[in-house]
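Down below is the structure, laid out as structure tokens.
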Amino acid sequence: MSLVNRSLVFTLLAPALILTEGCKEKPEHYTTTVEVHQVQRYGNIAAGRTGTMDLELNFPDCPGTARKFVRANKAFSECAPNIKAGDRLEAELVASYSAERGGYRNEIVRLGTCAVKTDPKDEANYETVQTCTDLEMTGVVVGVRCDRSRSKELLAKCPWFRH
């Protein structure tokens, strides 16, 4: 390709590249309440050395059952050594678009007064949502049906769960 053709291609593509870069959505911050359902600590706690901490968190204000599983770093573990199942904490989440994953991703960045840092590639960090309803036949409950899609009601109340 000649120099003139390269210049023409760049001249034509440069505005499109600038527009594409400008269209990236900014991360959105949300604050909500979570309930600690389960805590698993790793490290020699008896010797006063803490390691990572796995948390199962429920979102009581979201319709259906919304859970997030988080492997928190050592700094969080040291900041919140007394966290236990049943605790209700304020949580700050950041939702952003991940080009690598081709969808939205949310991260908990604060629980209570403690910062949380997670590894986005660690498979221990994930979330599930589902809404279950009774199945009835002739007025009798014969089973249950669970839908794991993100309903309009869920996204209206808890927009950080969008994909």
Side-chain angles (χ1 to χ4, degrees), residues 20-136 141-163:
T20 303
E21 282 296 311
C23 292
K24 288 184 179 176
E25 292 184 37
K26 293 181 181 176
E28 295 182 48
H29 293 259
Y30 299 97
T31 302
T32 190
T33 300
V34 296
E35 182 177 351
V36 178
H37 183 73
Q38 189 171 347
V39 178
Q40 177 69 47
R41 291 175 174 81
Y42 301 98
N44 190 347
I45 295 161
R49 293 190 302 260
T50 56
T52 60
M53 180 186 295
D54 283 355
L55 301 164
E56 180 182 338
L57 306 170
N58 294 330
F59 292 81
D61 297 334
C62 297
T65 303
R67 291 188 175 136
K68 189 159 185 74
F69 299 84
V70 177
R71 176 158 292 157
N73 62 343
K74 182 178 179 180
F76 175 81
S77 207
E78 291 171 350
C79 179
N82 299 322
I83 195 169
K84 63 187 179 313
D87 287 350
R88 282 186 173 237
L89 304 168
E90 183 177 88
E92 181 182 349
L93 295 99
V94 175
S96 58
Y97 183 79
S98 169
E100 182 180 322
R101 291 179 169 243
Y104 290 89
R105 181 167 177 86
N106 70 68
E107 299 292 332
I108 292 184
V109 295
R110 183 182 52 80
L111 274 175
T113 59
C114 300
V116 178
K117 180 134 175 84
T118 60
D119 179 355
K121 296 186 185 224
D122 189 339
E123 293 179 3
N125 300 308
Y126 66 98
E127 63 193 26
T128 64
V129 296
Q130 69 180 10
T131 304
C132 296
T133 53
D134 290 338
L135 289 176
E136 292 186 19
V141 176
V142 294
V144 66
R145 178 184 184 282
C146 294
D147 181 7
R148 292 197 171 183
S149 66
R150 286 156 162 74
S151 67
K152 289 180 185 178
E153 294 80 18
L154 173 70
L155 296 178
K157 185 82 172 159
C158 304
W160 56 87
F161 279 117
R162 74 179 174 198
H163 273 211

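Since this is a predicted model, take the numbers as computed values, not measurements.
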Roughly how far apart are S96 OG and H29 NE2, rounded to 0.5 Å? 9.0 Å

Taking V34's backbone N and O only, do any of them form a donor-acceptor pair with K68's side chain (distance below 3.5 Å, no angle check)? no

Which distance, rounded to the nearest 0.5 Å, do you find between the CG of L93 and the CD1 of I108? 5.0 Å

Would you compute the distance between atom SG of C114 and atom CD1 of I83 and round it to the nearest 0.5 angstrom? 7.5 Å

Do T32 and W160 have side-chain heavy atoms sitting under 4.5 Å apart? yes

Strictly below 4.0 Å, N to O, side chains only: are E90 and R110 in salt-bridge contact? yes

Least distance between heavy atoms, A95 atom then Y30 atom: CB-CE1, 3.9 Å

Just by modelled atom types, is the N125 backbone N or O under 3.5 Å from a matching donor or acceptor in the D122 side chain? no

Does CD in E123 sit with more than 12 non-hydrogen atoms of other residues, nucleotides or ligands closer than 6.0 Å? no

Less than 4.0 Å between a side-chain N and a carboxylate O, is that true for E28 and R162? yes

Rounded to the nearest 0.5 Å, what's the gap from OG1 on T52 to NZ on K117? Could you check? 15.0 Å

For S77 and M53, indicate whether the former's side chain and the latter's backbone hold a donor-acceptor pair under 3.5 Å. no

Nearest 0.5 angstrom please: L154 CG to T131 OG1, how far? 6.5 Å

Of V36, V70, D87, V116, which meets side chain to side chain contact (heavy atoms under 4.5 Å, CB included) against L111? V116

Six-ring centre of F161, R150 cation under 6.0 angstrom, axis tolerance 45°: no

Over all atoms of both residues, closest heavy-atom pair of K157 and D61: CE-O, 3.1 Å

Given 3.5 Å as the limit, does a donor-acceptor pair link the side chain of R41 with the main chain of P81, or not? yes

Tell me the closest heavy-atom pair linking A66 and V129, and the distance in Å. CB-CG1, 4.0 Å

Under a 4.0 Å threshold between the charged nitrogen and the carboxylate oxygen, would R67 count as salt-bridged to E127? no

Taking the six-membered ring for Trp, are Y126 and F69 parallel (under 30°), tilted (30 to 60°) or perpendicular (over 60°)? parallel

Roughly how far, to the nearest 0.5 Å, is CD of E35 from CD of E56? 10.5 Å

Between the side chain of N58 and the main-chain N/O of P60, is any donor-acceptor distance below 3.5 Å? no

